[in-house]
Structures are given as structure tokens and as C-alpha cells.
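Worksheet for the structure shown next.
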Amino acid sequence: MFAAKVYSEISKIPPGRVSTYKAIAQRLSTKAYRAVGTALKRNPDAPRVPCHRVVCSDGSLGGYMGSMNSSLKVSLLAAEGVFVKDGKIVDFSQKLGGRNAS
DNA sequence: CGCTTGACACCGT
DNA sequence: AACGGTGCCAAGC
């Protein structure tokens with residue numbers, strides 16, 4: 001199941017780190033970033049998979065459940081150490097590269 | 001089984 | 001640089 005692989009990748013995302021749909025799709029050797037979101041949208045393993053750590057390639061949060069709980073994502077990410085400014089993740093590129101913010 | 005929709009991404013204006 | 005339209009892959013109906 002393609003989606004199962006997606007959940008697996010997302011589960012691999014460590015705290016304080018974020019990933020993009022495109023990155024995950026690419027990680028699965030596919031370009032179906034749309035399918036990644038489609039699978040998460042249904043969210044068969046809602047609390048099991050940190051889907052809130054998955055954002056757009058632009059650094060925007062994208063959506064969550066119904067595309068209106070974006071504020072919830074911000075709160076969850078903030079709890080992980082990933083803050084959001086102006087609708088975009090702070091030091092987004094750094095969190096993608098896994099580099100120290102210092 | 002076939003068409004439509006969808007938590008995105010990229011190119012063009 | 002910002003906004004809009006189109007494209008890709010898979011799941012849902």
C-alpha cells in the first residue's frame with residue numbers, strides 16, 4: 001500500500017523536524033505528492049502518524065483535517081519546537097536539512 | 001471499472 | 001514578487 005509507506009515515512013520524522021509532501025513522495029520513489037496528502041486526509045492512523053509535521057514545499061502548513069484546522073497544526077508544531085510565522089514555518093529550510101539553528 | 005476530487009507543486013502571467 | 005492555472009498519482013464514489 002502506497003499510503004502505508006507514506007505513514008511509515010512520516011512516522012520516521014523526528015520531533016522538531018518537518019517534511020514536505022514532495023519530499024515524502026520522492027522518498028517513496030514517486031511524484032505523487034497529491035496522493036500523499038490524499039492518504040493523510042483520510043488519516044487511517046490519525047494519532048499514530050504525526051501528519052502535522054508534514055507541510056508544503058513552500059514552508060506553509062498546507063492543511064490538516066478539512067483544511068480549516070491549520071491553527072491546530074501550528075500549536076502542535078510549536079509544541080515540538082517548530083514555530084510558524086506569518087503562516088510559514090520558521091527556519092523551515094533548516095528543519096528540512098536537519099541543521100542547527102545556531 | 002471509470003470519472004471526479006484532493007492535506008500539493010510548478011510554470012506562466 | 002504575488003496570483004492563477006495546469007499537471008501528476010492515488011483514493012473515493
Side-chain angles (χ1 to χ4, degrees):
Chain A
M1 183 69 170
F2 159 81
K5 299 189 296 185
V6 179
Y7 311 136
S8 190
E9 290 301 311
I10 298 175
S11 315
K12 291 176 198 147
I13 304 175
R17 201 65 49 83
V18 294
S19 190
T20 76
Y21 298 100
K22 185 179 180 300
I24 296 182
Q26 193 143 62
R27 210 167 280 184
L28 299 176
S29 307
T30 186
K31 54 192 278 216
Y33 15 80
R34 301 302 304 274
V36 177
T38 308
L40 291 183
K41 156 185 169 196
R42 297 299 170 186
N43 218 351
D45 291 283
R48 297 199 201 164
V49 179
C51 20
H52 60 268
R53 286 183 198 163
V54 188
V55 295
C56 298
S57 60
D58 303 276
S60 44
L61 302 170
Y64 203 49
M65 299 170 163
S67 64
M68 49 76 80
N69 304 320
S70 336
S71 329
L72 179 59
K73 279 181 307 194
V74 184
S75 308
L76 291 172
L77 290 169
E80 297 292 315
V82 181
F83 292 89
V84 178
K85 185 65 62 181
D86 192 63
K88 294 249 192 136
I89 296 180
V90 180
D91 296 304
F92 174 62
S93 311
Q94 273 193 359
K95 296 180 191 311
L96 282 177
R99 203 164 97 204
N100 194 310
S102 176

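So you know, we letter chains A, B, ... as the sequences are listed, proteins then strands, and number each from 1. Not measured: the values here are computed from a predicted model.
- A straight line from CG of A:L77 to C1' of B:dA7 spans 13 Å, rounded to a whole angstrom.
- Distance A:E9 CD to C:dA10 P: 16 Å, rounded to the nearest Å.
- Clustering ILVMFWY residues whenever any of their side-chain heavy atoms sit less than 4.5 angstrom apart, transitively, puts A:I13 in the very cluster that holds A:F2.
- In the set B:dA9, B:dG6, C:dC9, B:dA9 carries the atom at the smallest distance from any side-chain atom of A:Y21.
- Atom pair A:K5:NZ and C:dA11:C1' shows a separation of 15 Å (rounding to whole Å applied).
- Computed from coordinates, the A:Q26 CD to B:dC8 C1' distance equals 14 Å when rounded to whole Å.
- A donor and an acceptor atom sit less than 3.5 Å apart, one in the side chain of A:R34 and one in the base of B:dC8.
- Counting only heavy atoms from C-beta on, A:C56 has its side chain closest to B:dA9 among C:dA11, B:dA9, B:dA7.
- Once rounded to the nearest 0.5 Å, the distance linking CG of A:L40 with CE of A:M65 reads 10.0 Å.
- Of all nucleotides listed (B:dG6, C:dC9, B:dA7), C:dC9 comes nearest to the side chain of A:K31.
- Formation of a donor-acceptor pair under 3.5 Å by the A:S11 side chain with backbone atoms of A:Y7 is found in this model.
- As a whole-Å value, the separation of A:L96 CG from B:dA9 C1' is 14 Å.
- The residue A:F2 sits close only to the backbone: its heavy atoms come under 4.0 Å of sugar-phosphate atoms, none of a base.
- In this structure, A:L61 atom CG and B:dA9 atom P are separated by 12 Å, rounded to whole Å.
- In the hydrophobic cluster analysis, where Ile, Leu, Val, Met, Phe, Trp and Tyr join through side-chain heavy atoms closer than 4.5 angstrom, A:V90 is grouped apart from A:L61.
- Across all strands shown, A:A35 has heavy atoms under 4.0 Å from base atoms, whether or not it also approaches the sugar-phosphate.
- Protein atom CG of A:L40 is 15 Å distant from nucleotide atom P of C:dA10, rounded to whole Å.
- Here the NZ atom belonging to A:K95 is positioned 12.0 Å from the CZ atom belonging to A:R53, to the nearest 0.5 angstrom.
- Linking Ile, Leu, Val, Met, Phe, Trp and Tyr residues whenever their side-chain heavy atoms come within less than 4.5 Å leaves A:L77 and A:F83 in two separate clusters.
- Both A:Y21 and A:L28 belong to a single network of hydrophobic side chains, linked directly or stepwise wherever heavy atoms of I, L, V, M, F, W or Y lie under 4.5 Å apart.
- Taking atom CG of residue A:L72 and atom C1' of nucleotide B:dA7, one finds them 13 Å apart after rounding to whole Å.
- Side-chain atoms of A:Y64 and base atoms of B:dA7 include no donor and acceptor less than 3.5 Å apart.
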For nucleotides 10-13 of chain B, list the nitrogen or oxygen atoms of the protein found under 3.5 Å from its nitrogen or oxygen atoms, one pair per line.
none

